[in-house]
Asker: 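Supplied in structure tokens, the structure appears directly below.
Basis for what follows: all heavy atoms, side chains included, without hydrogens, waters or symmetry-related copies. Keep in mind that what you see is a predicted model, and the values were worked out from it rather than measured.
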Protein chains: 2
Amino acid sequence: MKMDKRKQQVLMALIQDYISTAEPVGSRTIARKYKLGVSPATIRNEMADLEEMGLIEQPHTSAGRVPSDQGYRFYVDNLMKREELSIEEENVIQKSYETKLKDVGNIIQRTGDMISQLTNYAAVVMTTHIGEVSFKHIQLVRMSEKRALVVLVTETGAVHHRMIDIPESISVADLETISSVLNKKLQGRTIGDIRTTLFNEIYFELTKQKQILNKALELVREGLTMESEDKIYLGGVFNILSQPEFNDVEKIKTLLSLLEQEALLSDMMSGFHQSNGITVRIGGELSNKQMRDCSMVIGNYSLGGNQIGSIGILGPTRMDYARAVTIVDYMTNNLCLVMRRLIRGRSK
Amino acid sequence: MKMDKRKQQVLMALIQDYISTAEPVGSRTIARKYKLGVSPATIRNEMADLEEMGLIEQPHTSAGRVPSDQGYRFYVDNLMKREELSIEEENVIQKSYETKLKDVGNIIQRTGDMISQLTNYAAVVMTTHIGEVSFKHIQLVRMSEKRALVVLVTETGAVHHRMIDIPESISVADLETISSVLNKKLQGRTIGDIRTTLFNEIYFELTKQKQILNKALELVREGLTMESEDKIYLGGVFNILSQPEFNDVEKIKTLLSLLEQEALLSDMMSGFHQSNGITVRIGGELSNKQMRDCSMVIGNYSLGGNQIGSIGILGPTRMDYARAVTIVDYMTNNLCLVMRRLIRGRSK
DNA sequence: GTTAGCACTCTATGTTGTTGAGTGCTAAAC
DNA sequence: GTTTAGCACTCAACAACATAGAGTGCTAAC
């Protein structure tokens, strides 16, 4: 079946109406509100076609139509128009970053709060796998005879830490030496680099400098593999409970139990590190099938060319995609500036 | 009115039954299930008295009775018997801590997971105000011409960090010097100490050692006042949604919007740093009146005599207080050992 | 002081009827 | 060939009503 102009108009009208009312949309409503210049009967025919094409569906015989996942997909890909944020909204956002920025966590949290406030959906903000980020500083702190804390600072100002075992023979001074050698050697490399290639080199350097046990380095290596300890901020969940599709306690429970699993969230957010653009995952397209009532709009933010994290908006499939995309777009671009401000200081 | 033995028995039976069934309890049920050796009619009389005393109430005329906040209070203070955890449960808990402990956050998260799993309520675990904990290491890392990152490691293995402004004239070497002087001077002091008393002393030392600008120290001071950046873990919220008192979407929304505010949570948890024991806050006793359908059982955990955090169980007022208290008790004590293991390494 | 008996209350549940929105189909109009 | 008016039909949502059952308080007897 051909997707002619009018079918598109009908689909567009239907989706827009459904997005704003959450009620199945009938032919009469479309004819009346969206002035396509044809009668309800004609629209009924078009709708029958659209249904056959799998773009819309009927909850039950005597109800209006509702967009299907495929319908939303077509809308997002072909019909949707980008919006702009209003000046006031941009001001609100900028203002929220104005108070002293203290650390990355801070920024992430504010970003998430802002998003959920602006959209009335839930927001997910996460920092990507640490491997892609440049090394800034490492410090080994001796906590007891057997244990030390590895503290790793990345170029982005993120701090990772982890406790490791140390041989009892290593002194505070030794750890200091190790720290300083590492700092010299690792300057400017990415964490990924370090993990995979640099070890032999450093190992050589260290044995030359001092008779430190083989084990020392292995331990540092162990300390460095802080596998994917992404920080995830999730907020505004209660927002999406206001959406009429979630007035069922069972659904809320499932959703919440899923959202509490950070691994799962992180999973859903990842898988498109490649793209610079914004990804929209609709209903069943999400990696987790239990989330089929939800959609996500996801974008990556970067610093100095490296993608260092993602921003996601989580809402019902009946979500205002145009607005969500606009906001993710704005926020990802903005985050880059804000991060730079955190690290470089206020420029003006 | 006198609270005689039998009234207590009736109250006890009523509360136990209500806790397990969530249904208003009638006189017949008590007579049948709890074998007090009297007829329903007698129990009705006793219940009328208990109601007059404000310990139980009637949702409506033809329903059974339900404990009031006061009723639960009496139960918790006078009637409730401490339980013991079963050996299996203890094993499960111990096993959950067995995999490599990497940092404090790790431990806190596992503790929270464990609690919500064992109780089917929500768990809140937080680290207390940093001021009470001893200093271990400080490091200033230069991030750009104008900015540096202060990284602070406490004796408990917690890492705090914060970005500060620095004068452009300060070099990496200067920061290194400052770091090392600070490290020497601050060894073993508590953060609170440092903030209030030690500054002059260090200031003197530093000016003697090197001509570093006045500003440097002020900045460190600024960096140190990381006010109450408590980390809060909250998990298992979806558990408490299974409780029949939360099958109302409105209630869930209110609850969730409250729980998303960390400040509020932190508020509810604090206010009894004094006590070593376990605090039970029932319904309206909670600092936030919107939470009157919930109760919390809260305990503090400590390390080397210092209270360094709190554990809380959040459930409906109709909560199994005996079990909650047992679990909080076990977990707080256990956490002390686990923390020590994190820092000292496995002892055997 | 305790208990059996009884009238009374009130929610929860199920039944039934009604309403109204929306459809698909047909035949006429354009 | 496309569009539209008209109409019979379907189905969820809602309200009105009836019924059952759990539980109470009171009274009078034990």
Asker: B/G112 and B/Y233: which non-hydrogen atoms are nearest, and at how many Å?
Answerer: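 Taking every non-hydrogen atom into account, CA-CE2, 3.3 Å.
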
Asker: Closest approach of A/G26 and A/M47, non-hydrogen atoms and distance?
Answerer: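 In this case the closest contact between A/G26 and A/M47 is C-CE, 4.3 Å.
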
Asker: Please determine, for the side chain of B/S62, which listed nucleotide (C/dT3, C/dC10, C/dT2) has the closest atom?
Answerer: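 So the side chain of B/S62 is nearest to C/dC10.
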
Asker: Would the number of heavy atoms belonging to other residues, nucleotides or ligands and lying under 6.0 Å from CZ of A/R28 be above 12?
Answerer: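 Not more than 12 within 6.0 Å, no.
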
Asker: If you check every side-chain atom of A/T61, which of C/dC10, C/dT2, D/dT10 has the closest atom?
Answerer: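 Of the options given, the side chain of A/T61 lies nearest D/dT10.
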
Asker: What is the distance from CG of A/N247 to C1' of D/dA13, rounded to the nearest Å?
Answerer: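 These atoms are roughly 14 Å apart.
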
Asker: Among residues 43-60 of chain B, which ones have heavy-atom contacts with DNA chain D below 4.0 Å?
Answerer: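 Heavy-atom contacts with DNA chain D come from B/R44, B/M47, B/Q58.
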
Asker: How long is the straight-line distance from CD of A/E89 back to CE of A/M114, given to the nearest 0.5 Å?
Answerer: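 Here the rounded value is 9.0 Å.
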
Asker: Could you state the NZ-P distance from B/K2 to C/dG1, rounded to the nearest angstrom?
Answerer: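 Roughly 12 Å, once rounded to whole Å.
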
Asker: Give, for atom CD of A/E260 and atom CG of A/L255, the distance between the pair rounded to the nearest 0.5 Å.
Answerer: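 Going from the CD atom of A/E260 to the CG atom of A/L255 covers 10.5 Å.
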
Asker: Taking all non-hydrogen atoms of both residues, which atom of A/I252 and which atom of A/F246 are closest, and how far apart?
Answerer: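 Minimum heavy-atom contact is CD1-O, 3.4 Å.
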
Asker: Closer than 4.0 Å, any side-chain N/O of B/T42 to the OP1 or OP2 of C/dT3?
Answerer: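 Answer is yes, contact under 4.0 Å.
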
Asker: With a 6.0 Å cut-off (strictly less than), is the heavy-atom count around NZ of B/K35, excluding the residue itself, greater than 12?
Answerer: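 For B/K35, atom NZ is not crowded (no more than 12 foreign heavy atoms under 6.0 Å).
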
Asker: What heavy-atom pair brings A/L286 and A/M291 nearest, and what distance separates the two atoms?
Answerer: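 Scanning both residues completely, I find the closest heavy atoms to be CD1-O, 3.8 Å.
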
Asker: For A/R65 and C/dA21, is the shortest distance between a side-chain N/O and OP1 or OP2 below 4.0 Å?
Answerer: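 Result: no.
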
Asker: Heavy-atom contacts under 4.0 Å between residues 8-36 of chain A and DNA chain D, which residues?
Answerer: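 Those residues whose heavy atoms fall under 4.0 Å from DNA chain D, taken from residues 8-36 of chain A, amount to none.
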
